[in-house]
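Heads up: the structure comes next, in structure tokens.
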Amino acid sequence: MQVYVAKSSGFCRGVQNAVDTAMNTDPRHAYVLGEIIHNAGVMQAIKGRGIKVVEALSEVPDGATVIFRSHGVPPEYYAECKNRGINCIDCTCKFVSNTQKIVKNEYEKGNLVIICGEPTHPEVIGLCGWCNNSAHVINGESPLPDDIKDKNVSIVAQTTFSVEKFEKIIKNIKKLCEKSVAVFKTICYTTICRQIEANKLSSECDAMIVIGGLNSSNTNKLYDICKANCPNVFRLASADGFEFDKIKNYKKIGIVSGASTPNAQTREVLFKMEEKSTEVNATNSMADVVAKIDSESKFKKGQIVTATISEATEDGLQILLPFSKKEIPLSKDELDCAAYSQEEYAGKIGDTIDLLVVELKPSLKLSQKMIKLLAEEEAQLAEIEQGKEFQIECTGSNKGGLVGQFGTYSVFVPAKEIRPSFVQDLSKYVGKTLRLRLIEIKKDRKKEIIASQRVILQEERDAKVAEREARDTEFFDSISEGDIVEGRVERATNFGAFVSVGGFDCLAHISDLSWTGTKQVTDVLEIGKCYHFKILKVDREHKKVSIGYKQLQPQPWDLAADKYHVGDVIHGKVVRIVPFGAFVEVEKGIDGLVHVSQISHERIETPATCLNVGDEVEAKIVAFDCEAKKMNLSIKACLAEPERKPREDKGEGEEGRKRTRAPRRDDEELSSWSDGAISVGTSLGDLLANAEKNRK
């Protein structure tokens with residue numbers, strides 16, 4: 001017995017994508033609009049995951065998830081999903097999507113759209129929606145409508161329609177139509193290949209086996225093609241309906257399957273044929289086809305499969321995968337349980353469990369707990385897609401940026417998205433935690449997240465600036481020049497102290513710390529301590545505030561009246577020497593004048609004759625005006641008066657009068673002391689003259 005298997009067997013790409021999507025979508029609150037494919041076994045597996053099948057969109061609750069199958073839907077379905085907050089997963093086949101666009105464009109041009117297909121097929125119903133249900137649907141059996149004669153016609157076909165019927169309908173329409181006829185050959189190329197192969201095989205074989213769902217349109221067309229060429233055609237919905245006795249007498253048998261038939265079902269038919277007869281062989285020309293079926297039946301990484309527990313051991317379970325005779329070990333570490341119990345799982349033999357394909361090489365690795373982890377990961381990804389911040393550890397860098405891992409997703413952070421400023425050395429981030437926000441996510445086989453840390457840092461920086469500006473505005477609105485405020489000394493510099501007043505840094509210049517002057521801030525203020533200050537100047541434009549400490553402290557002259565009196569003897573230091581006297585520092589901020597005549601009992605020409613700056617002296621206060629901040633001192637009053645020799649009387653002549661006349665200085669000169677010092681009471685010249693006269 002020779003068996004020929006059609007090369008174009010198994011799922012087409014559109015169906016495979018729809019099935020994979022259904023098998024990997026979170027089943028919670030998930031619905032499929034109609035059967036995702038016309039295959040009972042596959043649909044049972046999808047329903048077994050908890051995904052519900054509905055016939056109308058109105059049956060899907062608001063906010064749920066709906067999967068649109070490969071057949072496509074009318075445009076208003078998308079609008080309804082958006083209005084009701086339904087998450088739409090669109091699995092429309094790309095060939096169907098292309099036909100939808102053609103129908104829409106031709107309808108908008110004003111052409112009459114004709115769809116060649118089955119009126120009740122979901123794909124055709126969906127296509128009609130793209131031309132406001134104005135299309136004529138022709139399946140080859142019904143007569144052509146009369147109203148197409150005087151109209152411009154555009155013809156499309158259901159993607160799984162019979163090629164032979166499509167060609168006949170086109171010829172008939174062109175004969176009838178008096179205006180333009182635009183033909184769009186929209187039958188899927190895989191459908192064409194299947195029909196060609198089915199036609200060839202059925203012409204060469206003694207018997208044909210057609211495998212696929214009984215309500216599958218493309219499978220039914222394959223059956224019709226085979227039946228036209230071969231009298232012995234057997235229709236199977238699955239391998240369960242296979243009866244070897246019906247084909248055992250045929251030498252050449254061909255096998256074809258529809259686009260909604262898994263390769264595993266075809267392979268299972270071959271298994272059953274091998275079990276019944278050792279004479280079954282795939283021909284040399286078809287060996288590669290069988291190998292292709294086997295390869296396509298292998299699992300894909302990330303796929304969820306339903307397996308049957310066949311045995312419980314100390315190390316885990318032995319499981320049996322669908323359409324497989326070989327048991328596969330499942331480690332107890334990959335089970336979703338708190339603690340593995342062999343006895344407990346021994347009682348579950350025959351039960352089915354969902355497993356995730358984790359690895360394919362070097363051997364198939366499955367996991368139950370990874371399904372839970374992936375569900376948690378998907379929940380996290382949903383939040384991340386809404387803008388939630390997430391963190392990863394940077395595991396490496398390249399010329400383009402930084403890389404890391406988030407669950408099963410690889411993460412890439414472009415160099416420009418690391419921080420607001422340019423990053424020179426990317427390697428310094430390796431091993432560090434990155435705070436990220438999603439830019440783009442690729443959920444295809446690559447499973448990659450592109451993210452940014454810069455946007456987070458920039459937002460925080462902008463928030464701080466806005467907060468600081470608001471705080472500064474509030475601060476400047478609350479203060480005025482002359483106000484008394486309390487502040488904490490934060491830091492000292494050589495030009496002053498920075499003081500925090502209500503969280504704003506104000507400057508107390510070093511010249512405004514003490515009336516007597518200071519060389520460093522810490523001589524007056526202690527860092528970390530709070531003091532009261534007076535606001536001296538407010539510069540709102542440049543955001544500067546000057547404050548003073550000494551302005552709230554008494555000046556030395558304010559306390560002098562209680563400390564010093566005329567007649568007191570003070571100890572001081574000579575700080576300046578001027579032609580008419582010397583200034584002595586009584587204390588910081590208070591200087592007294594010693595007139596040249598009050599330095600010594602002997603007559604001296606200049607103060608420098610007897611005094612030097614820095615000399616410490618004792619002097620008596622001879623005059624004191626606190627309000628005018630003036631103090632007159634006398635050094636000689638603290639010195640013993642020397643003995644004087646008696647002088648000869650020279651008579652009353654002119655010469656004698658000249659000798660006895662006391663020297664006199666101009667009163668105006670005596671009253672012009674530097675630094676604002678003035679004489680108090682009678683001038684010293686008059687005092688000296690009177691003293692000389694009294695002595696005589």
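Given the structure is predicted, the values throughout are model-derived calculations rather than measurements. For the numbers below, each heavy atom of this structure counts, side chains included, while hydrogens, waters and symmetry mates do not.
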Exercise. Would a distance-only check, ignoring hydrogens and angles, find a side-chain to backbone donor-acceptor pair under 3.5 Å from E59 to A56?
Worked result: yes
Exercise. Would you call K369 and L335 a side-chain contact if the rule is heavy atoms closer than 4.5 Å?
Worked result: no
Seminar exercise, completed: Closest heavy-atom pair, A157 versus T99, reported as atoms and distance to 0.1 Å, is O-CG2, 4.2 Å
Exercise. Between D354 and T306, does any side-chain donor sit less than 3.5 Å from a side-chain acceptor?
Worked result: yes
Exercise. Under 3.5 Å, side chain of Q158 to main-chain N/O of G117, donor-acceptor pair present?
Worked result: no
Exercise. Out of curiosity, K447 NZ to L381 CG, how far, rounded to the nearest 0.5 Å?
Worked result: 8.0 Å
For this session: Indicate whether any N or O donor in one side chain lies under 3.5 Å from an N or O acceptor in the other, for K221 and S162.
Result: no
Problem set entry | Polar side-chain atom of N98 near backbone of K94 as donor-acceptor pair, under 3.5 Å | no
Exercise. Is there a side-chain contact between I209 and I253, using heavy atoms and a 4.5 Å cut-off?
Worked result: yes
Exercise. Is there a donor-acceptor pair closer than 3.5 Å between any side-chain N or O of W130 and the backbone N or O of V73?
Worked result: yes
Exercise. Judged by atom type as modelled, is there a donor-acceptor pair below 3.5 Å linking the side chain of R49 to the main-chain atoms of T25?
Worked result: yes
For this session: Look only at the side chain of S97 and the backbone of C93, and say whether a donor-acceptor pair between them is shorter than 3.5 Å.
Result: yes
Problem set entry | Test: K200 and E197 ion pair at under 4.0 Å | no
Exercise. Looking only at heavy atoms, what is the nearest atom pair of R235 and G212, with distance?
Worked result: NH1-O, 2.7 Å
Problem set entry | Sequence neighbours excluded, every pair satisfying salt bridge (charged side-chain N to carboxylate O under 4.0 Å, His left out) that has a member inside residues 414-438 | E389-R435, E417-R454, R435-E460, R437-E459
Exercise. Between atom OG1 of T21 and atom NZ of K443, what is the distance when rounded to the nearest 0.5 Å?
Worked result: 11.5 Å
For this session: Enter the distance from I450:CD1 to Y409:OH here, rounded to the nearest 0.5 Å.
Result: 13.0 Å
Exercise. Among pairs that include at least one residue of residues 342-353, which meet salt bridge (charged side-chain N to carboxylate O under 4.0 Å, His left out), considering only residues two or more places apart or in two chains?
Worked result: E344-K348
For this session: Using a cut-off of 6.0 Å, state whether more than 12 heavy atoms not belonging to H29 lie near its atom NE2.
Result: no
For this session: Using atom types as modelled and distance alone, determine if a side-chain donor or acceptor of E383 lies under 3.5 Å from a backbone N or O of K388.
Result: no
Problem set entry | Beyond-backbone contact of V233 with Y223, side-chain heavy atoms, under 4.5 angstrom | yes
For this session: Begin from the C-alpha positions of E80 and N83 and carry the test side chain to side chain contact (heavy atoms under 4.5 Å, CB included) through to its verdict.
Result: CA-CA 5 Å; E80 182 177 347; N83 293 334; 5.6 Å; no
For this session: Could you list all the ring pair (Phe, Tyr, Trp, His ring centres under 6.0 Å) pairs where at least one residue sits in residues 328-375, not counting sequence neighbours?
Result: Y340-Y345
Problem set entry | Heavy-atom closest contact (V403 atom, F412 atom, distance) | CG1-CD1, 4.0 Å
Exercise. Roughly how far, to the nearest 0.5 Å, is CG of L57 from CG of L33?
Worked result: 6.0 Å
Exercise. If you round to the nearest 0.5 Å, how far is OG of S410 from CD of Q405?
Worked result: 6.0 Å
For this session: Please answer whether the main-chain N or O of I211 pairs with a side-chain N or O of S257 as donor and acceptor at a distance below 3.5 Å.
Result: no
Problem set entry | E76, CD atom: more than 12 neighbouring heavy atoms under 6.0 Å | yes
Exercise. How far apart are the C-alpha atoms of S397 and Y429, what are their side-chain angles, what is the distance that settles it, and do they pass the side chain to side chain contact (heavy atoms under 4.5 Å, CB included) test?
Worked result: CA-CA 8 Å; S397 65; Y429 284 90; over 6 Å; no
Exercise. I51 versus Y31: any side-chain heavy-atom pair under 4.5 Å?
Worked result: no
Exercise. Quick one: does N218's side chain have a donor or acceptor within less than 3.5 Å of a partner on A259's backbone?
Worked result: yes
Exercise. Which heavy atom of L457 sits nearest a heavy atom of I418, and at what distance?
Worked result: CD1-O, 3.8 Å
Exercise. Does the pair Q391 and L434 meet the rule for a side chain to side chain contact (heavy atoms under 4.5 Å, CB included), with working shown?
Worked result: CA-CA 6 Å; Q391 296 183 356; L434 302 177; over 6 Å; no
Problem set entry | Shortest non-hydrogen contact from G400 toward N398 | N-OD1, 2.8 Å
For this session: Search all heavy atoms of A237 against all heavy atoms of L214 and return the closest pair with its distance.
Result: CB-CG, 4.0 Å
Exercise. Are the side chains of I353 and L330 in touch, meaning some heavy atoms are under 4.5 Å apart?
Worked result: yes
Problem set entry | F68-Y78 aromatic ring centre distance below 6.0 Å | yes
For this session: Please round to the nearest 0.5 Å and tell me the distance separating atom CD1 of I102 and atom SG of C131.
Result: 12.5 Å
Problem set entry | Evaluation steps, side chain to side chain contact (heavy atoms under 4.5 Å, CB included), between I36 and M43 | CA-CA 7 Å; I36 206 159; M43 288 307 302; 3.6 Å; yes
For this session: Could you tell me whether the side chains of D315 and T313 share a donor-acceptor contact shorter than 3.5 Å?
Result: no
Exercise. Where the side chain of R84 meets the backbone of V60, is there a donor-acceptor pair that is under 3.5 Å apart?
Worked result: yes
Exercise. Can you check whether I371 reaches D336 side chain to side chain, under 4.5 Å on heavy atoms?
Worked result: no
Problem set entry | Test item: S70 and N17 side chains (from C-beta on) under 4.5 Å apart, heavy atoms | no
Problem set entry | Close side-chain approach of I192 and Q195, heavy atoms under 4.5 Å | no
